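Here's the structure, in structure tokens; my notes come after.
Please read these numbers as outputs of a predicted model, since none were measured by experiment. All residue numbers refer to positions in the sequence shown, counting from 1.
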Amino acid sequence: MVQLHTPDLLARWPAECPAVRMAFAGLAVVFPTDRTLPALTARLHTS
């Protein structure tokens, strides 16, 4: 099933990648761990 949808997902990736990254960043803020907060803070300082 996944293999059937892979070409379509790869074709859409450039458009959806920013949204996926924002979703993961949101999860990192809502559910912080020892690893996510330092990584997120470093990314915010470079933006």
Side-chain angles (χ1 to χ4, degrees):
M1 184 78 166
V2 171
Q3 292 172 340
L4 195 73
H5 295 285
T6 300
D8 183 46
L9 292 173
L10 290 176
R12 293 184 354 221
W13 181 251
E16 295 183 6
C17 182
V20 171
R21 292 177 71 181
M22 289 295 291
F24 282 136
L27 288 172
V29 170
V30 174
F31 302 106
T33 67
D34 292 338
R35 290 179 50 203
T36 56
L37 283 181
L40 183 60
T41 304
R43 292 290 253 170
L44 290 174
H45 287 291
T46 61
S47 296

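Grouping Ile, Leu, Val, Met, Phe, Trp and Tyr by side-chain contacts under 4.5 Å, direct or through others, puts F24 with W13, V20, L27, V30, F31.
T33 pairs by the side chain to side chain donor-acceptor pair (under 3.5 Å) definition with T36, not counting sequence neighbours.
Sorted by first and then second residue, the pairs that involve residues 9-20 and meet salt bridge (charged side-chain N to carboxylate O under 4.0 Å, His left out), not counting sequence neighbours, are D8-R12, R12-E16.
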